[in-house]
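This report refers to the structure that appears directly beneath it.
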Amino acid sequence: MKLNSKLLSLLAFLPVLLAACGGDSPPAPVPVTPPVVTPPEPPVVPPVTPPVNPPVTPPVQPTPSDPSKPDWFTLFGRCEHPRTGQQPNGMPYLDIQGTLNDELRWMHSYIDDGYLWYKEIPTNLNMADYKTPLDYFAVLKTPAVTASGRLKDRFHFSYPSEVWSAMSNEGVSLSYGITWSRTPTGVLPRV
């Protein structure tokens with residue numbers, strides 16, 4: 001029975017052991033330290049140097065071709081036969097060497113810009129068919145006629161510079177024959 005007594009004493013002592021180890025109660029939580037995760041190093045990117053482009057030289061435009069100005073402005077004074085000396089008013093002529101084509105282009109551009117009936121100028125005119133600026137000027141007008149049969153443009157004319165200056169200096173003035181004025185008070189009767 002000796003063996004039985006040892007077994008009995010062990011069994012009696014077992015609950016004490018179990019209670020000391022926590023027995024039937026849940027174990028106390030063991031603090032867990034999360035592992036330290038080190039982020040990966042970013043890849044090393046070498047610096048990028050932008051390409052160096054050589055400077056661009058703009059092309060040289062032949063004269064006259066300034067797009068901000070009409071042909072009549074850039075061709076002004078370019079004459080096939082430039083005048084020299086002084087004008088009747090004492091000022092020098094501003095003519096410079098040009099070509100017949102320069103004169104005709106100037107005339108067409110000026111009329112396109114300032115002629116009342118510019119949309120009615122014939123479109124089939126070829127500058128190369130005209131040997132003088134006066135011949136070309138004579139056709140740069142509307143061919144239309146009014147209901148009464150008169151030319152719509154009865155005012156298309158030219159004078160040589162010397163004749164125009166002489167008439168001007170003698171007090172002759174040409175106009176459309178209309179004068180505008182305004183009554184100062186603006187009340188009827190108006191003038």
Side-chain angles (χ1 to χ4, degrees), residues 52-191:
V52 177
N53 295 328
V56 177
T57 305
V60 176
Q61 295 289 330
T63 56
S65 65
D66 184 349
S68 64
K69 296 178 181 167
D71 272 355
W72 66 262
F73 188 86
T74 57
L75 291 168
F76 177 78
R78 292 179 182 270
C79 303
E80 181 181 25
H81 305 290
R83 298 168 293 180
T84 58
Q86 293 183 338
Q87 300 177 48
N89 65 4
M91 300 296 291
Y93 285 107
L94 302 175
D95 300 352
I96 58 174
Q97 187 61 53
T99 65
L100 174 61
N101 189 17
D102 289 338
E103 289 186 52
L104 301 183
R105 283 179 46 216
W106 175 86
M107 196 178 314
H108 194 277
S109 176
Y110 191 79
I111 286 178
D112 275 350
D113 202 34
Y115 183 61
L116 179 60
W117 300 289
Y118 70 97
K119 289 183 179 178
E120 297 177 21
I121 294 172
T123 57
N124 61 347
L125 301 176
N126 182 6
M127 285 187 221
D129 295 340
Y130 301 92
K131 302 298 177 214
T132 69
L134 289 175
D135 293 340
Y136 190 53
F137 177 76
V139 297
L140 283 177
K141 64 179 183 174
T142 178
V145 293
T146 63
S148 67
R150 294 176 82 179
L151 287 174
K152 190 174 186 179
D153 182 358
R154 300 183 322 272
F155 313 103
H156 197 81
F157 65 91
S158 69
Y159 282 114
S161 297
E162 298 76 29
V163 173
W164 181 262
S165 293
M167 288 189 316
S168 233
N169 291 337
E170 292 173 8
V172 175
S173 85
L174 300 174
S175 71
Y176 294 110
I178 189 168
T179 303
W180 297 97
S181 66
R182 182 170 182 242
T183 305
T185 61
V187 296
L188 295 175
R190 294 188 182 117
V191 176

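- Here the OG1 atom belonging to T142 is positioned 5.5 Å from the NZ atom belonging to K152, to the nearest 0.5 angstrom.
- L134 has its side chain within reach of S158: a pair of non-hydrogen atoms, C-beta onward, lies under 4.5 Å apart.
- Listed here is the closest heavy atom pair of L125 and Y136: CB-CE1, 4.4 Å.
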Q | Residues D113, F73; criterion side chain to side chain contact (heavy atoms under 4.5 Å, CB included); working and verdict | A | CA-CA 11 Å; D113 202 34; F73 188 86; over 6 Å; no
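- We find the CZ-CD distance between R78 and Q97 to be 10.0 Å, quoted to the nearest 0.5 Å.
- The existence of a salt bridge linking K141 and D153 is excluded, since no basic side-chain nitrogen approaches an acidic carboxylate oxygen closer than 4.0 Å.
- Separating the OG1 atom in T74 from the CH2 atom in W106 is a distance of 12.0 Å, to the nearest 0.5 Å.
- In this structure, W72 and Y110 have perpendicular ring planes: the angle between them is above 60°, well past the 30° mark.
- Rounding to the nearest 0.5 angstrom, the gap separating the CD atom in E80 from the CG atom in L104 is 8.5 Å.
- The aromatic rings of Y115 and H156 stand perpendicular to each other, their planes meeting at an angle above 60°, with 30° marking the opposite boundary.
- Note that CZ of F76 is 10.0 Å distant from CD1 of I96, once rounded to the nearest 0.5 Å.
- Heavy atoms only, all atoms of each residue included: L151 and P143 are closest at CD2-O, 4.5 Å.
- In this structure, T132 and F137 have side chains that are not in contact, with every pair of non-hydrogen atoms separated by 4.5 Å or more.
- A distance of 4.5 Å separates NE2 of H108 from CG of D112, quoted to the nearest 0.5 Å.
- Counting only distance, with no hydrogens or angles, the side chain of D95 and the backbone of R83 share a donor-acceptor pair below 3.5 Å.
- A distance-only check finds no donor-acceptor pair linking the side chain of Q86 to the backbone of M91 [under 3.5 Å].
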